[in-house]
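See below for the structure under consideration.
All figures in this text were calculated on a predicted structure; none of them were measured in a lab. Only this structure's heavy atoms are used, side chains among them; waters, hydrogens and symmetry mates stay out.
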Amino acid sequence: MRRLPLRLTTSLPIALALTAGASAQNNISWLTMHEDNTKVPAGSLGATDPLEKDYDWGDLDQDGYTDLVVARKVGWTGGGPAPNVLMMNEAGTLVDRTALYASASDVPGDQGFLEHTNDRDIEIVDVDGDGWLDVVTCTAITLNLPKHLSHPRVYMNLGLDGSANWLGLEYQDARFPDLGNTPFFCGVGSGDVTGDGSPELYFAHYIAAGAFGQDDRLMINDGAGNFTDETFSRLTAPMLSSGFGTSAYIVDMNNDGVNDVLRDFSGPTTIAYNDPNNEGFFDILQTAYNGAAYHVNHGDLNQDGLQDMIFSDDATDTYLINQGNDALGRVIWSTDNFFAADGGFAGNNLIVDMNGDGWNEALVTDVDVDISGCFGRMFIHHNRGGVPGGIPSMREEVGSGFTGITGILSSDLSGSHDVAVFDLDNDGDMDMILGRCNTTDVWINDSTSGQANNYCGPAVPNSNATSAKMGYTGSLDASLNAFSLVATDMPTNQFGFFLISATQGSAFPASVSQGKLCLGGTIARFNAQIVNSGATGSFTVPIDTAMLPNPLSQPILAGQTWNFTAWFRDNNPTPTSNFTDGIEILFH
């Protein structure tokens with residue numbers, strides 16, 4: 001093994017450091033995407049759709065590609081109904097197949113998705129347990145309409161015919177009960193609350209508490225996809241009382257093995273806890289958040305397997321971390337963690353790992369469902385990670401028009417109703433469909449055309465009590481020579497540089513260092529690019545893939561795997577050094 005001369009840890013050449021070719025920056029690039037709107041239908045049902053849009057996605061025809069369902073209406077609360085759209089994924093392109101596969105109905109004269117409905121939410125779920133995903137749509141403002149137009153609609157997946165051709169979806173009116181007075185629902189969630197394996201449906205009521213004789217409703221599944229209203233025998237009145245509810249989920253929030261109900265109602269966000277000793281009946285109500293949330297979503301933000309929450313708030317958007325349970329089984333929530341960037345009133349939100357590093361990002365759209373106008377933009381909050389189980393570092397890597405995602409400017413995210421993130425082209429990474437006020441935009445993920453995986457982490461904590469982390473930006477296509485390394489979560493105003501090897505290692509402690517060297521074999525240093533971490537504790541350096549430094553002295557070629565880490569100075573408490581974790585990158 002070639003030993004790194006670590007005596008430089010306490011005495012970097014000052015002249016060289018002052019002439020470094022890169023500088024610390026706040027706006028860290030962490031993902032690369034490009035726009036390709038040829039992958040959605042042209043015209044007003046796709047690329048130039050001017051209506052309010054809400055998304056859900058799943059593989060409806062079981063061909064291995066994820067399909068997209070679009071609920072549409074004229075914008076904002078006072079808008080009118082519109083037809084929905086079924087976009088089938090055909091080898092990576094979304095094609096409008098509404099008339100072919102989603103126009104069937106058992107109500108005479110009804111045209112399925114083509115019927116003008118006031119749908120505002122969608123849930124794709126197998127309601128009858130036949131292995132085929134069905135579709136449930138959620139109606140909002142529906143005065144003086146017949147039951148099949150005013151109520152939530154259940155579209156059954158008909159599966160295959162005898163020749164293995166997919167038969168599409170059919171609206172079946174009797175699946176959902178008649179609730180009498182007009183149900184104004186704006187959010188729907190699905191999940192098994194009774195323990196019989198069949199998913200129930202929970203609906204968030206949109207008008208002030210008790211208006212039109214309605215509040216939230218829980219629909220119980222008979223196992224065959226037929227629903228009955230058992231709301232008032234299973235939940236208490238305070239659990240159901242609603243006012244402008246826009247999102248609802250059936251999910252196990254406290255990790256006790258039974259599913260709870262999470263919902264917002266334009267104010268407090270509550271959790272109705274399912275009684276594990278009497279499954280299907282709810283015994284505890286918790287106010288989990290006291291802000292003015294117009295949308296809530298759940299997911300694991302800190303790699304501990306527990307459900308955290310994000311909020312689109314009328315004031316400042318925020319996230320709460322699940323810190324386990326109290327003696328009654330209620331979740332103990334962290335204090336508010338405000339996102340650094342915020343656009344005021346907001347809309348739908350989503351928790352998803354955009355760059356495949358195991359840390360989920362938070363996406364918050366901007367169009368408020370009540371207040372007309374497309375004046376804001378979506379925020380994409382990068383999850384920088386941290387200690388599993390701790391408070392993750394989340395921020396949009398903002399700059400002048402910059403979003404942290406190479407290829408996407410902040411202006412590309414303006415006026416967003418909803419966002420769908422899934423692998424559109426089946427290449428192993430997450431793509432994004434953005435429903436804007438006048439367009440549907442498709443963003444294709446370029447960053448993981450190769451593969452990148454962090455290893456050897458977390459790094460030994462530095463003087464900031466953080467574990468420094470490796471990342472990259474640009475293309476993994478070695479021939480493009482458009483690739484940069486990124487190091488974050490380091491102490492501020494310290495010098496450092498990147499290292500490379502074809503071999504991984506885990507030397508600890510490294511000589512004259514507090515850190516762990518994640519490389520072995522022949523190690524080369526990017527000596528010509530010594531940089532300073534500046535006020536952000538981070539730096540980004542472009543790497544010449546055409547010629548690596550001595551002693552490697554060779555280009556990076558397609559199919560090769562290289563390992564990288566960063567070394568940096570520190571005072572902890574006396575002068576020393578440390579390392580980031582390692583990142584293994586397969587170039588293509």
I want to check something: taking the side chain as every heavy atom from C-beta on, are [X] and [Y] in contact at a cut-off of under 4.5 Å?
| X | Y | answer |
| --- | --- | --- |
| W333 | N322 | yes |
| F379 | D317 | no |
| L413 | D366 | no |
| D300 | D308 | yes |
| P551 | T522 | yes |

Hey, could you give me the [atom1]/[atom2] distance between [X] and [Y], rounded to the nearest 0.5 Å?
| X | Y | atom1 | atom2 | answer |
| --- | --- | --- | --- | --- |
| M33 | N445 | CE | CG | 4.5 Å |
| I444 | T32 | CD1 | OG1 | 13.5 Å |
| F495 | S533 | CZ | OG | 9.0 Å |
| N290 | D313 | CG | CG | 10.5 Å |
| N355 | N383 | CG | CG | 9.0 Å |
| I380 | L31 | CD1 | CG | 8.0 Å |

Shortest non-hydrogen contact from [X] to [Y]?
| X | Y | value |
| --- | --- | --- |
| P491 | D570 | CG-OD1, 3.4 Å |
| N360 | D353 | OD1-N, 2.9 Å |
| A288 | I271 | CB-CD1, 4.0 Å |
| L306 | G324 | CD1-N, 4.1 Å |
| L424 | Y65 | O-CD2, 3.8 Å |
| A478 | F587 | CB-CB, 4.2 Å |

Under the rule for side chain to side chain donor-acceptor pair (under 3.5 Å), what residues qualify as partners of [X], not counting sequence neighbours?
| X | value |
| --- | --- |
| N462 | T466 |
| N89 | none |
| S467 | none |
| T365 | none |

Mark yes or no for whether [X], through its side chain, and [Y], through its backbone, hold a donor-acceptor pair below 3.5 Å.
| X | Y | result |
| --- | --- | --- |
| N550 | S553 | no |
| Q286 | Y273 | no |
| D431 | D423 | no |
| R569 | P575 | no |
| N302 | P392 | no |
| N254 | N325 | no |
| T565 | T580 | yes |
| D260 | N274 | yes |
| S513 | S577 | yes |

Residues in side-chain contact (heavy atoms from CB on, under 4.5 Å) with [X], at least two apart?
| X | result |
| --- | --- |
| N493 | N532 |
| D56 | I122, E123, I124 |
| I391 | Y319, I321, Q323, S334, N337 |
| Q307 | V251, M253, H298 |

inquiry  = Consider side-chain hydrogen bond (donor to acceptor under 3.5 Å, both in side chains). Of T246, T270, T269, N297, which one does D264 pass it with?
reply    = T246
query = Please, which pairs that meet disulfide bond (SG atoms under 2.5 Å apart) have at least one residue in residues 310-340, sequence neighbours excluded?
reply = none
task = Return each pair, listed once, that meets disulfide bond (SG atoms under 2.5 Å apart) where at least one residue sits in residues 517-588; pairs must be two or more places apart or across chains.
result = C456-C518
inquiry  = Quick check on ring-ring contact (aromatic ring centres under 6.0 Å, His included): which of F568, W567, F539 does F498 satisfy it with?
reply    = F539
task = Using the ring-ring contact (aromatic ring centres under 6.0 Å, His included) rule, pick out the option among F338, W30, F339 that qualifies with H381.
result = F339
task = Determine, stepwise, if the pair T545 / N481 fulfils side chain to side chain donor-acceptor pair (under 3.5 Å).
result = CA-CA 5 Å; T545 59; N481 205 352; 3.2 Å; yes
request  = Give the intermediate values and the outcome of side chain to side chain donor-acceptor pair (under 3.5 Å) for residues S416 and R377.
outcome  = CA-CA 6 Å; S416 56; R377 69 173 178 87; over 6 Å; no
ask   = Would N348 and D418 count as having a side-chain donor-acceptor pair, cut-off 3.5 Å?
value = yes
ask   = Do you see a donor-acceptor pair shorter than 3.5 Å between the side chains of T403 and S410?
value = no
message = Assess the residue pair Y249 and V296 against the criterion (side-chain contact (heavy atoms from CB on, under 4.5 Å)); give the C-alpha distance rounded to whole Å, side-chain angles, the decisive distance to 0.1 Å, and a yes or no.
response = CA-CA 9 Å; Y249 306 91; V296 61; 4.1 Å; yes
request  = Can you label the angle between the F311 ring and the Y289 ring as parallel, tilted or perpendicular, going by 30° and 60°?
outcome  = parallel
key: side chain to side chain donor-acceptor pair (under 3.5 Å) evaluation trace for N454 with D357   = CA-CA 7 Å; N454 286 77; D357 67 351; over 6 Å; no
key: Steps toward side chain to side chain donor-acceptor pair (under 3.5 Å) verdict (Q514, N572)   = CA-CA 9 Å; Q514 293 180 342; N572 195 25; 2.8 Å; yes
Expected list for residues 555-564: side-chain donor-acceptor pairs under 3.5 angstrom, two or more places apart:
from: Q560; atom 1: OE1; to: L557; atom 2: N; distance (Å): 2.9
from: Q560; atom 1: OE1; to: W562; atom 2: NE1; distance (Å): 3.0
from: N563; atom 1: OD1; to: Q504; atom 2: NE2; distance (Å): 3.1
from: N563; atom 1: ND2; to: S501; atom 2: O; distance (Å): 3.4
from: N563; atom 1: ND2; to: A502; atom 2: O; distance (Å): 3.3

ask   = Is there a side-chain contact (heavy atoms from CB on, under 4.5 Å) between S312 and V364 once you walk through the steps?
value = CA-CA 7 Å; S312 303; V364 182; 3.4 Å; yes
task = Any ring-ring contact (aromatic ring centres under 6.0 Å, His included) involving residues 511-537? Give me the pairs, sequence neighbours left out, ordered by first then second residue.
result = none
